[in-house]
Amino acid sequence: MNNLIADIDIISGEEAQACDFKTTVDENTGKTRKLYIESYGCAMNFADSEVVASIMKEGGYDTTSDFYQADAIFLNTCSIREKAEQTVRKRLTDFQRAKRAKPSLTIGVLGCMAERLKEKLLEEEKLVDIVVGPDAYRDLPNLLSVAEEGQKAVNTFLSREETYADISPVRLNSNGITAFISIMRGCDNMCSFCVVPFTRGRERSRDPHSIVAEAKDLFSKGYKEVTLLGQNVDSYKWSPEENNKARLNKKEEEVSTVVNFANLLEMVALVDPSLRIRFSTSHPKDITDEVLYTMKKYDNICKYIHLPAQSGNSRVLELMNRTYDREWYLERVSKIREILGEECGISSDMITGFCSETEEEHQDTLSLMDIVKFDFSYMFFYSERPGTLAAKKYVDDIPMEVKKRRLSEVIKKQSSSSLERNRLDLGKEQVILVEGASKKSADEFKGRNSANKVVIVPAGNYSKGDYLTVKITDCTPATLFGEVIEINPQL
Ligand code: SAM
Ligand code: SF4
């Protein structure tokens with residue numbers, strides 16, 4: 001789900017490591033202590049850091065963007081690829097001076113790396129005081145007080161029920177216009193390459209009423225776009241019993257499903273027609289026509305689907321345990337095009353050099369990309385993760401230079417598809433939501449169209465949070481450029 005973080009649309013795993021962390025903004029509500037938090041990896045982690053900041057605020061901490069001012073430094077980590085973990089280990093060394101200057105400083109490693117390595121992390125990284133898994137954030141105040149007494153503390157308990165539904169996140173790094181709402185946690189899929197089921201535990205859906213309440217609250221505060229987050233949003237499923245299934249010890253057939261993902265989308269879409277809804281990530285095996293028809297029904301549900309293919313070859317997909325094949329994937333794409341039209345943005349994640357992938361099978365990935373013409377993709381070479389099904393069952397036998405060469409071919413293919421897709425927008429009028437000034441120039445604003453493409457327009461008599469009708473005049477593979485036709489059109 002990295003797509004929601006980066007500004008650039010074509011990104012390889014290598015690049016992603018360099019740009020996908022965010023630090024805290026300064027918040028001063030008069031608390032006596034300061035928290036500095038950095039988040040790595042997927043959007044889920046960024047949303048979790050906002051829950052952490054909320055729990056810490058209750059515990060007497062404001063946030064700071066200067067780690068030398070902090071009483072606690074947290075790294076909310078990612079384990080998805082080896083490089084992600086190396087980045088965190090390297091980053092920890094930067095805090096040595098701060099710790100020497102203030103011995104009472106608590107350094108915490110949170111999230112997936114904490115869950116994967118548990119106590120081992122304390123042995124390997126002497127600087128670290130507390131290790132906290134993704135379901136244990138409510139325990140942070142307690143763990144901090146243990147650390148303050150000079151002891152190390154670990155809580156990596158994985159829950160079957162925790163959704164943090166009642167916690168109102170403190171928005172970090174917010175542009176005040178777009179926000180993430182976590183709708184579920186964990187993952188019950190067992191993609192053979194993936195560490196997530198082990199680091200984030202079993203899938204559980206959050207009470208839809210708390211999701212709608214969060215969306216309403218954001219809208220009342222001026223936010224104009226929410227992104228509903230889950231590892232596999234299409235398997236969202238909630239009922240009063242479902243939420244407590246483990247506790248009540250009920251069987252699947254005894255549980256009455258009340259709200260599925262299509263229902264949830266509709267509930268959030270009805271908050272207000274001028275609140276845009278996005279979601280991520282969709283799983284090709286689970287995305288339903290009902291979801292597609294719900295997207296079509298509501299103008300404020302953005303016409304964009306992140307639908308990771310991972311590979312274009314059916315044998316490799318089977319080894320990956322993705323539970324769909326090339327034909328199934330292409331059928332889902334045809335259905336998206338049939339119901340939502342050519343304008344709907346589709347993006348993907350791709351992995352090159354998975355165990356035993358042949359040159360021909362790699363060519364199948366390139367040909368799938370040729371057929372679908374993704375608007376953008378996140379592309380990685382395979383990185384074996386300890387404990388995963390692939391690490392146990394298969395040999396990581398593709399040489400690194402081959403993985404990287406295949407990755408560069410996939411990136412090249414994506415770049416030309418992105419340009420081709422963007423060229424289709426030339427001359428069209430589209431509605432964009434202004435997110436703020438463009439990073440490159442104060443004379444330009446940056447917004448996004450429904451298909452999640454960045455559109456740059458000249459600065460004018462409008463500001464972030466405004467909707468604009470723009471005419472697309474130019475493009476690169478990563479960006480559209482437009483001229484403004486109308487400010488705040490009737491939506
Ligand atoms: N839940 C999402 C899904 O099923 O598509 C994706 C979650 S994962 C955080 C984001 C992406 O990282 C995956 O889609 C996959 O492309 C990539 N990824 C996961 N494990 C990987 C590994 N071991 N090596 C390389 N890339 C990996
Ligand atoms: Fe990982 Fe697969 Fe779950 Fe995505 S769906 S988080 S790739 S196991």
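Both counts, for ligands and for their atoms, begin at 1 and track the order of listing.
Which parts of ligand 1 touch Arg385 is read off a 4.0 Å heavy-atom cut-off, strictly below it: atoms 23 (N). Interface atoms of ligand 1 facing Ile80, defined by a heavy-atom separation under 4.0 Å, are 8 (S), 9 (C), 12 (O), 18 (N), 19 (C), 20 (N), 21 (C), 22 (C), 23 (N). Within ligand 1, the atoms closer than 4.0 Å to a non-hydrogen atom of Pro308 are 5 (O), numbered from 1 in the order shown. In the vicinity of Thr281, heavy-atom distances shorter than 4.0 Å reach the ligand 1 atoms 2 (C), 3 (C), 5 (O). Counting atoms of ligand 2 from 1 in the listed order, those under 4.0 Å from a heavy atom of Arg322 are 2 (Fe), 7 (S).
Few gaps surround CD on Gln363; more than 12 heavy atoms of other groups in view lie less than 6.0 Å from it. Shown here is Arg423, whose CZ atom has no more than 12 heavy atoms of other residues, nucleotides or ligands within 6.0 Å. The number of heavy-atom neighbours closer than 6.0 Å to NZ of Lys118, taken from other residues, nucleotides and ligands shown, is above 12.
Nearest protein heavy-atom neighbour of atom 1 (Fe) of ligand 2: Cys194 SG, 2.3 Å. Here the protein heavy atom with the shortest distance to atom 5 (S) of ligand 2 is Asn189 ND2, 3.3 Å. The single protein non-hydrogen atom nearest to atom 6 (S) of ligand 2 is Gln231 OE1, 3.5 Å, given as residue, atom name and distance.
Because the distance cut-off is set at 2.8 Å, Cys187 fails to qualify as a neighbour of atom 1 (Fe) of ligand 2, as none of its N, O or S atoms comes that close.
When non-hydrogen atoms are compared, ligand 1 lies under 4.0 Å from the backbone of Ser383 as well as from its side chain. When non-hydrogen atoms are compared, ligand 1 lies under 4.0 Å from the backbone of Gln231 as well as from its side chain. Residue Pro197 touches ligand 2 through its side chain alone, judged by heavy-atom distances below 4.0 Å. The part of Arg322 lying near ligand 1 is the side chain, judged by heavy-atom distances below 4.0 Å. Residue contacts with ligand 1 for Ile351 involve side-chain atoms from C-beta outward but no N, CA, C or O (heavy atoms, distance under 4.0 Å). Contacts between Glu384 and ligand 1 below 4.0 angstrom, taking non-hydrogen atoms only, are absent altogether. Contacts between Phe193 and ligand 1, counted as non-hydrogen atom pairs separated by less than 4.0 Å, involve both the backbone and the side chain.
Of the polar atoms of His283, none of the N or O atoms is found under 3.5 Å from an N or O of ligand 1, judged by distance alone. Inclusion of Tyr382 in the set of residues having an N or O under 3.5 Å from an N or O of ligand 1 is not warranted.
Judged by the 6.0 Å distance and 45° axis criteria, Arg332 is not positioned over the aromatic ring of Tyr324.
Annotation for Ile351 and Phe381: closest pair CG2-C, 4.3 Å, computed over non-hydrogen atoms. Residues Arg185 and Pro134 come closest through the heavy atom pair NH2-O, 2.9 Å. In terms of heavy atoms, Pro208 sits closest to Leu264 at CB-CD1, 3.8 Å. Of all the heavy atoms in Gly111 and Asn76, the pair that sits closest is CA-OD1, 3.5 Å.
Panel note: side chain Glu125, backbone Arg89; no donor-acceptor pair is recorded below 3.5 Å. Listed for the Ser377 side chain is no donor-acceptor partner under 3.5 Å among the backbone atoms of Met379.
Glu203 and Ser235 form a side-chain donor-acceptor contact under 3.5 Å, judged by distance and modelled atom types alone. Neither side chain, Ser159 nor Arg138, offers a donor N or O lying under 3.5 Å from an acceptor on the other.
Residues Cys344 and Arg337 have side chains in contact (heavy-atom distance under 4.5 Å, counting atoms from C-beta outward).
Selection from Lys403, Met350, Arg81, Met44 by nearest heavy atom to atom 26 (N) of ligand 1 gives Arg81. In this comparison of Ser235, Gly186, Cys191, the heavy atom closest to atom 2 (Fe) of ligand 2 sits on Cys191.
Ligand 1 lies nowhere less than 4.0 angstrom from a heavy atom belonging to Tyr378.
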